[in-house]
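Each remark here refers to the structure printed beneath this line.
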Amino acid sequence: MDSKTLTRTISSSDRAQDPCVLVIFGASGDLARRMLLPALYDLAYDRRLPARFAVLGFARSQWDEDEFRRVVKTGIKEFARRSIDEAVWESFSGKLRYMSGNYDDPAAHTRLSSMLDSIDSELGTAGNRLYYLAVPPTTSPTIISKLRNDKISAPVDSDSWSRIVVEKPFGRDLESARELNRLIHSQFPEESVYRIDHYLGKETVQNILVFRFANGVFEPIWNRRYIDHVQITVAESLGVGDRGGYYDQSGALRDMVQNHIMQLLALIAMEPPIAFDGRAVRNEKVKVFNALRRMEPAEVATSTARGQYAAGWIGGEEVPGYTQDAAVDSSSTETYVAMRLFIDNWRWADVPFYVRTGKRLPKRTTQIAIQFRKVPHLLFKDIVDVSDMEPTVLTIRIQPNEGISMKFLTKVPGTPTRIRPAMMDFLYGAAFLNEAPSAYETLLLDALQGDATLFTRADEVEAAWEIMTGVLDGWQQMPSAQFPNYEAGSDGPEEADRLIESDGRQWRRF
Ligand code: BG6
């Protein structure tokens, strides 16, 4: 365990043991089955859960507790990091409860309330509650209002606590995000609200802060004087799968850029926080979003590119186009977005941040490339072809093949003098023997421990929406996009190439 991890664990270790009931709304859904319950089992396996703990699943599916346990066990077998250990499973499954009901039915909420009381008496969970909204975004307001009306979200007594975890997407534009914040704040104080962005739970994303601020050598060159531009790529080879219903209402900008990409950008661009805690780290992220240059509608046309995939080939397999995947006749929903962003502050003035994300691209990769400026004086111009003199690039590979590499120029041994790029490469897999916890393990544990550092704050989420709502407005005023405009398995639409090439730069290869 490195020292940073140690500090975070120690800082919340006294709260780690708080007894509690985790109430999962949407417990029969995909997120709970594939992510949340396997992560909880992994935490149970590693003895990280409180001793007095229960999970109460609440969903519409008319299951009894045995059915719930059966589905959970199948999900664990398929998705948990740890294999099923019968002793761990027995103890874990003994903490699982389930009740079915409609989210807007007052009677169901009354039953929920009395079930929580009886779990408190049976398992000693002391009135502490963590409510997890693992439901479609349209359902969240109903549940939050019910929690308020039923007063079950209020702490049972002055020693107990009540927190809420809200999944993304958090609203669909600035106004709806504000409204959702207002509704949540009518019931939960901001310090009890945990807006989840699972990218922040990834080890490689958390490591951006350690890399930047635990090493002395990078910070002095982390600015406009030395950095030419930054590229953030979140590429997926998968299509929209069976989430077409959700995705067609959302699109890549709402699904990936407003949250995951904005978070990566903030961690790369932020000033050093004064402490490693939720307040200081999030203060600095908000400053980045506030400094992001707003785009006028006319600029949206020149600073962004959108795409939607047509049928094509990926890894030797023929795959359908978006409309077929999403089972719609036609659609103007974007499955690809690229944009050029500027952060108007002293550190980053005039340094473009190019970001792109898309479905059905040639491969799955999330990486951040920091391209440094060319040298100011070409010492070797008479002996080598200067077009070969590629600038230094630092690449942070978030996933897969997690690691960090630095590409720099080196002399090829022998005469005449030749110069060629070489790589220094750090690979997590080779450097550490222990397997990283999943993002959901980290985030669930943090929420149980009351550590909100890796969750987004109300002002942060609104500031990110402010920029993205400007883009959505700009798109609305533009002529409709001619979709589909990139083939599955290609590098994305030509518009995206034109966007970066008009600045004399190129996208990095996937
Ligand atoms: C989710 C998006 O938030 O992130 C999905 O809704 C996307 O569309 C997923 O596929 C990507 O997550 P990861 O961890 O696989 O990069």
Side-chain angles (χ1 to χ4, degrees), residues 26 29-36 38-39 42 78-81 132-138 140 165-172 177 194-208 232-265 267 306-309 314 319 322 325-326 331 333-337 355-368 396-402 428 435-444 454-456 461 464-465 468 488 492 510:
D30 240 28
L31 178 70
R33 190 177 68 88
R34 299 162 71 103
M35 301 288 182
L36 305 183
D42 285 330
E78 201 175 341
F79 299 107
R81 284 193 301 121
Y132 199 118
L133 300 184
V135 291
T138 44
S140 302
V165 182
V166 190
E167 267 289 339
K168 69 160 269 278
F170 194 89
R172 47 179 296 108
Y194 292 71
R195 293 173 197 78
I196 208 161
D197 181 318
H198 79 281
Y199 263 56
L200 291 177
K202 291 180 190 276
E203 283 292 327
T204 43
V205 173
Q206 294 175 59
N207 189 46
I208 296 173
I232 302 180
T233 301
V234 182
E236 296 182 282
S237 54
L238 291 178
V240 294
D242 51 14
R243 296 166 74 230
Y246 149 77
Y247 197 89
D248 204 49
Q249 298 300 312
S250 166
L253 185 123
R254 292 186 173 95
D255 187 51
M256 299 293 281
V257 184
Q258 187 275 339
N259 29 68
H260 306 327
I261 289 192
M262 283 291 109
Q263 289 298 325
L264 296 177
L265 179 136
L267 294 173
R306 290 177 280 175
Q308 186 191 85
Y309 62 85
I314 298 183
V319 294
Y322 170 71
D325 267 349
S331 169
T333 299
E334 80 288 352
T335 60
Y336 179 103
V337 179
V355 305
R356 61 180 165 161
T357 182
K359 302 250 182 226
R360 290 286 193 220
L361 294 173
K363 65 181 204 195
R364 175 176 183 251
T365 176
T366 297
Q367 52 173 269
I368 302 162
I396 301 176
R397 291 188 304 274
I398 303 295
Q399 65 191 22
N401 203 16
E402 290 79 0
Y428 278 83
E435 201 191 339
S438 71
Y440 276 98
E441 278 173 70
T442 303
L443 295 173
L444 278 165
L454 299 179
F455 294 82
T456 51
V461 97
W465 265 125
M468 292 306 142
F510 288 112

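We number each residue from 1, following the sequence as shown. Read the numbers this way: they start at 1 and go in the same order the structure lists the ligands and their atoms.
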Per the side chain to side chain contact (heavy atoms under 4.5 Å, CB included) rule, which among Leu200, Asp197, Val166, Leu443 passes with Phe455? Leu443

Just checking, any donor-acceptor pair under 3.5 angstrom between side chains of Tyr440 and Asp42? no

Contacts of Glu441 that satisfy salt bridge (Lys or Arg N to Asp or Glu O under 4.0 Å) - sequence neighbours left out: Arg81

Within-4.5 Å side-chain heavy-atom neighbours: Gln249 and Arg254: no

Once you measure the plane-to-plane angle for His260 and Tyr199, does it fall in the parallel (<30°), tilted (30-60°) or perpendicular (>60°) bin? parallel

Donor on one side chain, acceptor on other, Ser237 and Arg364, under 3.5 Å: no

Non-hydrogen atoms closer than 4.0 Å to ligand 1: which protein residues do they belong to? List them by chain and number, please. Lys168, His198, Tyr199, Lys202, Glu236, Arg243, Asp255, Met256, His260, Lys359, Arg364, Gln399

